[in-house]
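Comments concern the structure below.
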Amino acid sequence: MRAPVSDLPIRFENVTVAAGAVKMLDRITLTLAAGAPTILIGPNGSGKSTLLRAAMGLIAPSLGRVTWGERQDVPPTRRAIVFQRPTMLRRTAGANIRYALRASRIARAEQQGRIRELLALVGLEQLSDRPARRLSGGEQQRLALARALARDPVVLFLDEPTASLDPAATAAIEDIIRTVSGRGIKVVMATHDLGEARRLAGDIVMLHKGRAIETAPASAFFDTPQSGEARAFLAGELLV
Ligand code: ADP
């Protein structure tokens, strides 16, 4: 049997993603390695979502290259993404997870146990039979995380997963992210919430106008930002 090939690290080498004259990403070089969460921060339109989509292999660079575990052109299969506003199937919470388990070819006999486990992980074990679309926003987002984890990802991409949520629901999501990260799943998350970035980050990538302005361990980034843009962003003054 062949040893499993890791999808990590994900490396960006001089990656530009352009749509016409607009550079959504501009010569990005960075490494997303196993370990604590990497948090992408930057104002709206700075390129966070585009970087996530390129890291997932959903869009190809116009210039440069992205590699996954040293391979090019082979995006990771064990990956999942959760967006700001998840779309739930018109089924129960449990059935939404079952759908993802089937898509991942998990044997039927194992599905019920996995559903219970995943609902417990996100604190929704009492709501398994509730129609998913009748759950609150925070509950739907927790269900979206459970559904993503049903794919048994090596890397979990999160695109502003708490942006529509109140503080209590946000705290619940952040707890799940910490648990997931503690289990060895690499989390790569975009947020424009600096408090959240501080609470979760192992390292920070700050984007501005498609460029990676600063890449640093979180403590270094927040204590001693190196660039004018980072200092302005931390002071709430960098709006675009
Ligand atoms: P963020 O996630 O930080 O808000 P995005 O990655 O969504 O930023 O967007 C980066 C830039 O690319 C923005 O200027 C945005 O308007 C532009 N953009 C996003 N998607 C497209 C597209 N499909 N075609 C052209 N420009 C786009």
Side-chain angles (χ1 to χ4, degrees), residues 10-32 37-68 75-76 79-87 137 140-141 144-145 148 153 155-165 169-170 173-174 177 181 186-216 218 221-222 225-240:
I10 302 172
R11 283 189 214 282
F12 281 58
E13 293 172 23
N14 221 11
V15 169
T16 294
V17 173
V22 181
K23 283 186 182 158
M24 289 144 68
L25 296 180
D26 189 2
R27 290 163 289 162
I28 300 272
T29 295
L30 59 83
T31 300
L32 302 169
T38 296
I39 308 290
L40 313 178
I41 63 172
N44 282 333
S46 56
K48 303 183 292 296
S49 295
T50 306
L51 195 153
L52 286 177
R53 285 189 287 140
M56 282 192 84
L58 299 178
I59 45 173
S62 315
L63 293 169
R65 64 177 198 154
V66 180
T67 57
W68 294 270
R79 53 156 163 70
I81 190 162
V82 173
F83 296 102
Q84 182 178 340
R85 291 179 193 280
T87 310
Q140 288 199 32
Q141 195 57 295
L145 281 170
V155 51
L156 178 63
F157 298 97
L158 304 172
D159 196 353
E160 307 244 8
T162 63
S164 321
L165 303 181
T170 295
I173 295 290
E174 290 180 4
I177 293 171
S181 177
K186 174 68 185 184
V187 172
V188 183
M189 170 168 153
T191 182
H192 61 258
D193 179 342
L194 284 171
E196 179 157 78
R198 263 181 208 275
R199 289 188 293 275
L200 294 175
D203 53 354
I204 296 276
V205 175
M206 181 181 158
L207 297 172
H208 185 227
K209 297 186 175 169
R211 287 182 303 127
I213 296 295
E214 222 161 303
T215 304
F221 178 81
F222 287 110
Q226 298 297 304
S227 62
E229 286 99 332
R231 282 192 290 273
F233 189 62
L234 290 173
E237 288 160 6
L238 188 70
L239 299 178
V240 285

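Computed over heavy atoms, backbone and side chain alike; hydrogens, waters and symmetry mates excluded. Just follow the structure's listing: the first ligand is 1, and inside any ligand the first atom is 1.
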Taking non-hydrogen atoms only, is Ser49 closer than 4.0 angstrom to ligand 1 via side chain, backbone, both or neither? both
Does some non-hydrogen atom of the protein lie less than 4.0 angstrom from atom 16 (O) of ligand 1? no
Arg85 atom CZ, neighbour heavy-atom count above 12 within 6.0 Å: no
For atom 6 (O) of ligand 1, which candidate among Leu25, Thr191, Thr50, Asn44 provides the closest heavy atom? Thr50
For Ser46, the ligand 1 atoms with a heavy-atom partner under 4.0 Å come out as 1 (P), 3 (O), 8 (O)
Hey, is the main chain of Gln84 close enough, under 3.5 Å, to the side chain of Gln141 for a donor-acceptor pair? yes
Partner of Leu25 under side chain to side chain contact (heavy atoms under 4.5 Å, CB included), picked from Thr16, Leu51, Ile59, is Leu51
Strictly by modelled atom types, are Thr162 and Glu196 linked by a side-chain donor-acceptor pair under 3.5 Å? yes
Counting only N and O atoms by type, is there a donor-acceptor contact under 3.5 Å from the side chain of Arg11 to the main-chain atoms of Thr67? no
Please write down residue, atom name and distance for the protein heavy atom closest to atom 8 (O) of ligand 1. Gly47 N, 3.1 Å
Between Phe222 and Arg198, is there a cation-pi geometry (under 6.0 Å to ring centre, at most 45° from the normal)? yes
Protein heavy atom at shortest distance from atom 20 (N) of ligand 1: Met24 CE, 3.6 Å
Between Glu160 and Thr191, is there a side-chain donor-acceptor contact under 3.5 Å, judged purely by atom types and distance? no
Atom indices of ligand 1 within 4.0 angstrom of Pro43 heavy atoms, with elements: 3 (O)
Residue, atom and distance of the protein heavy atom nearest atom 10 (C) of ligand 1 read Gly45 O, 3.4 Å
So which protein heavy atom does atom 24 (N) of ligand 1 come closest to, and at what separation? Ala19 CB, 3.7 Å
